[in-house]
Amino acid sequence: MQQPSWTVRRATVDDVPAIARINVASWRSAYRNLVPEEALTELDSDEIARSYRELLASPVPERAILLARRADTIAAFSGVSPVRVPQRDAYPEHRTGELVSLYADPQWLGRGAGRAVHDAALGHLADHGFTRAVLWILEGNDHAADFYQRHGWTPDVVERHVELAGRLIPLRRWSHPLS
């Protein structure tokens, strides 16, 4: 039996509590054993909610948070914007956008919500004139790497590190052409 499809729409400030909840739950599930436990236990959904509220309060057409929902359930979201650090992340010959985030509620993994917001995110970037998209994956996050590879992303040679709970965590840039 085929599952009903997901409805994807832009997030509003009213969606912030669900976005923050999914963000925290996803981090705690996906990054366990990849980042220091302290970084996961210190996640503050109120602080995360404040950040999303600020982001949604000052809209920019090229930037969006997109939600996948079915009935009253928000199961996943993605965030896109122009590339945040052009001198490091952009492809000089392309107008480069960034898939800043893609998080699915762990209880909805494997049911198509992540794919729905992924596809909507790439469509949003393409609709706003971007010709290439980039994202960053934590080294060792094989689940994310498999997901993105299945959806046409390829890793490239750019790496960086982020500090979490006093430990440097390696990240690798992946890219995807947009049509």
Novice: Test of understanding: clusters of I, L, V, M, F, W, Y form through side-chain heavy atoms closer than 4.5 Å, transitively. Do Y103 and V16 belong to the same one?
Specialist: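 Yes, same cluster.
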Novice: Against L67, only a single residue in T12, I19, V117 fulfils side-chain contact (heavy atoms from CB on, under 4.5 Å); can you say which?
Specialist: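 With L67 as partner, side-chain contact (heavy atoms from CB on, under 4.5 Å) holds for just one option, I19.
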Novice: Determine, using the 4.5 Å side-chain heavy-atom cutoff (strictly less than), whether L171 and W27 are members of one ILVMFWY cluster.
Specialist: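 Hydrophobic grouping puts L171 with W27.
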Novice: Could you check if a side-chain atom of H118 sits within less than 4.5 angstrom of a side-chain atom of F147, using non-hydrogen atoms only?
Specialist: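 Yes. Closest side-chain heavy atoms under 4.5 Å.
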Novice: Under a 3.5 Å distance rule, please check whether H94 uses its side chain to pair with a backbone N or O of A90 as donor and acceptor.
Specialist: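 No, the answer is negative, given that no donor and acceptor are paired below the 3.5 Å cut-off.
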Novice: Let me see the working for V35 and R167 under side chain to side chain contact (heavy atoms under 4.5 Å, CB included), right down to the final yes or no.
Specialist: CA-CA 8 Å; V35 302; R167 190 169 121 206; 5.9 Å; no
Novice: Would you say H151 and R115 are linked by a side-chain donor-acceptor pair, where the criterion is simply a distance under 3.5 Å?
Specialist: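 Their side chains do contain a donor-acceptor pair, which is all the 3.5 Å distance test asks for.
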Novice: To check you understand the geometry: which heavy-atom pair defines the closest contact between P82 and E62, and what is its length?
Specialist: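 So the minimum-distance heavy-atom pair works out to CG-OE1, 3.5 Å.
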Novice: So does E38 get a backbone contact from the side chain of T41, meaning a donor-acceptor N/O pair under 3.5 Å?
Specialist: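 Side chain of T41 to backbone of E38: a pair is present.
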Novice: How far does CG of L122 sit from OG of S179, to the nearest 0.5 angstrom?
Specialist: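 That separation rounds to 9.5 Å.
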Novice: Minimum heavy-atom separation for T73 and W6, please, with both atom names.
Specialist: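 Closest heavy-atom pair between T73 and W6: O-CZ3, 4.4 Å.
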Novice: Using a 4.5 Å cut-off on heavy atoms from C-beta on, say whether the side chain of T154 contacts that of Q149.
Specialist: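 Q149 vs T154: side chains apart.
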Novice: Is it true that L66 and F77 fall in one hydrophobic cluster, defined by side-chain heavy atoms closer than 4.5 Å?
Specialist: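 In one cluster: no.
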Novice: Closest approach of A39 and L164, non-hydrogen atoms and distance?
Specialist: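 Distance-wise, the nearest heavy atoms are CB-CB, 4.2 Å.
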Novice: Check this for me: H143, atom NE2, are more than 12 non-hydrogen atoms of other residues, nucleotides or ligands nearer than 6.0 Å?
Specialist: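 No, NE2 of H143 has 12 or fewer neighbouring heavy atoms, counting only those of other groups under 6.0 Å.
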Novice: First locate atom CZ of R132, then atom OH of Y91, and finally report the distance between them rounded to the nearest 0.5 Å.
Specialist: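 Between atom CZ of R132 and atom OH of Y91 there are 5.0 Å.
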Novice: Look at the side chain of R28 and the backbone N and O of L40, then say whether any donor-acceptor pair between them is shorter than 3.5 Å.
Specialist: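 Yes.
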Novice: Flag the pair R21 and D105 as a salt bridge only when some basic side-chain nitrogen lies within less than 4.0 angstrom of an acidic carboxylate oxygen.
Specialist: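 So R21 pairs with D105 through a salt bridge.
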Novice: Roughly how far apart are S51 OG and D44 CG, rounded to 0.5 Å?
Specialist: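 So the gap between those two atoms works out to 9.5 Å.
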Novice: Kindly determine whether R63 and V80 satisfy side chain to side chain contact (heavy atoms under 4.5 Å, CB included), including the steps that lead there.
Specialist: CA-CA 5 Å; R63 187 172 59 201; V80 292; over 6 Å; no
Novice: For N33, does the CG atom have more than 12 heavy-atom neighbours from other residues, nucleotides or ligands under 6.0 Å away?
Specialist: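 No, the 6.0 Å shell around CG holds no more than 12 heavy atoms from other groups.
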Novice: How long is the straight-line distance from CZ of R172 back to CG of D156, given to the nearest 0.5 Å?
Specialist: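 Separation between the atoms: 7.0 Å.
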Novice: Using a 3.5 Å distance criterion without hydrogens, assess whether the side chain of T96 forms a donor-acceptor pair with backbone atoms of P92.
Specialist: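 No, T96 side chain to P92 backbone: no donor-acceptor pair under 3.5 Å.
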Novice: Testing the 3.5 Å rule here: is there a donor-acceptor pair between the side chains of Y148 and N141?
Specialist: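 No.
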Novice: Tell me whether R160 forms a cation-pi arrangement with W136, defined as NZ or CZ under 6.0 Å from the six-membered ring centre and within 45 degrees of its axis.
Specialist: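 The answer is yes; both the distance and angle limits are met.
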Novice: Look up atom CG in D89 and atom CZ in R173, then write down how far apart they are to the nearest 0.5 Å.
Specialist: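 Atom-to-atom, D89:CG and R173:CZ are 6.5 Å apart.
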Novice: Restricting to non-hydrogen atoms, name the atom on A104 and the atom on L109 that form the minimum distance, rounded to 0.1 Å.
Specialist: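 Reported closest heavy-atom pair: CB-CD2, 3.8 Å.
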Novice: Can you sort out the partners of R32 under salt bridge (Lys or Arg N to Asp or Glu O under 4.0 Å), two or more places apart, ordered by chain and number?
Specialist: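 Here the qualifying residues are E37.
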Novice: Side chain of R69, backbone of A71: donor and acceptor closer than 3.5 Å?
Specialist: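 At least one qualifying donor-acceptor pair exists.
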Novice: Same cluster or not: are L99 and I65 linked, directly or through other Ile, Leu, Val, Met, Phe, Trp or Tyr residues, by side-chain heavy atoms under 4.5 angstrom apart?
Specialist: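 As far as the 4.5 Å side-chain criterion goes, I65 and L99 are not connected within one cluster.
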Novice: Hey, does the side chain of H124 reach the backbone of D119 with a donor-acceptor pair shorter than 3.5 angstrom?
Specialist: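 It does not hold such a pair.
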Novice: Is there a donor-acceptor contact under 3.5 Å from the side chain of S175 to the main chain of A133?
Specialist: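 No: the side chain of S175 does not pair with the backbone of A133.
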Novice: Shared ILVMFWY cluster between L34 and L43, side chains joined below 4.5 angstrom?
Specialist: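 In one cluster with L34: L43, yes.
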Novice: Do you know which two heavy atoms are closest between I74 and A18, and how far apart they sit?
Specialist: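 Nearest heavy atoms, I74 then A18: CD1-CB, 3.9 Å.
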Novice: So does R9 pair up with D15, basic N to acidic O under 4.0 Å?
Specialist: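 Result for this pair is yes, salt bridge flagged.
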Novice: Is it true that atom CD of E47 has more than 12 heavy atoms of other residues, nucleotides or ligands lying nearer than 6.0 Å?
Specialist: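 Atom CD in E47 is not crowded, with 12 or fewer foreign heavy atoms closer than 6.0 Å.
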Novice: Using every non-hydrogen atom in the two residues, find where S81 and V100 come nearest and quote the distance to one decimal.
Specialist: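 Scanning both residues, the minimum pair turns out to be OG-CG2, 3.5 Å.
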Novice: Kindly say whether G79 contributes a backbone atom to a donor-acceptor pair with the side chain of S101 at under 3.5 angstrom?
Specialist: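 It does hold such a pair.
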Novice: State whether the side chain of E163 and the backbone N or O of L168 hold a donor-acceptor pair below 3.5 Å, judged by distance alone.
Specialist: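 The answer is no, because no donor-acceptor pair under 3.5 Å joins these two groups.
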Novice: Whether the side chain of R88 engages the backbone of V158 through a donor-acceptor N/O pair (distance < 3.5 Å, no angle test) should be reported.
Specialist: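 Pair absent, no side-chain N/O of R88 close to backbone of V158.
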Novice: Side chain to side chain contact (heavy atoms under 4.5 Å, CB included), that's the test. Do V134 and W174 meet it? Break it down for me.
Specialist: CA-CA 6 Å; V134 297; W174 288 56; over 6 Å; no
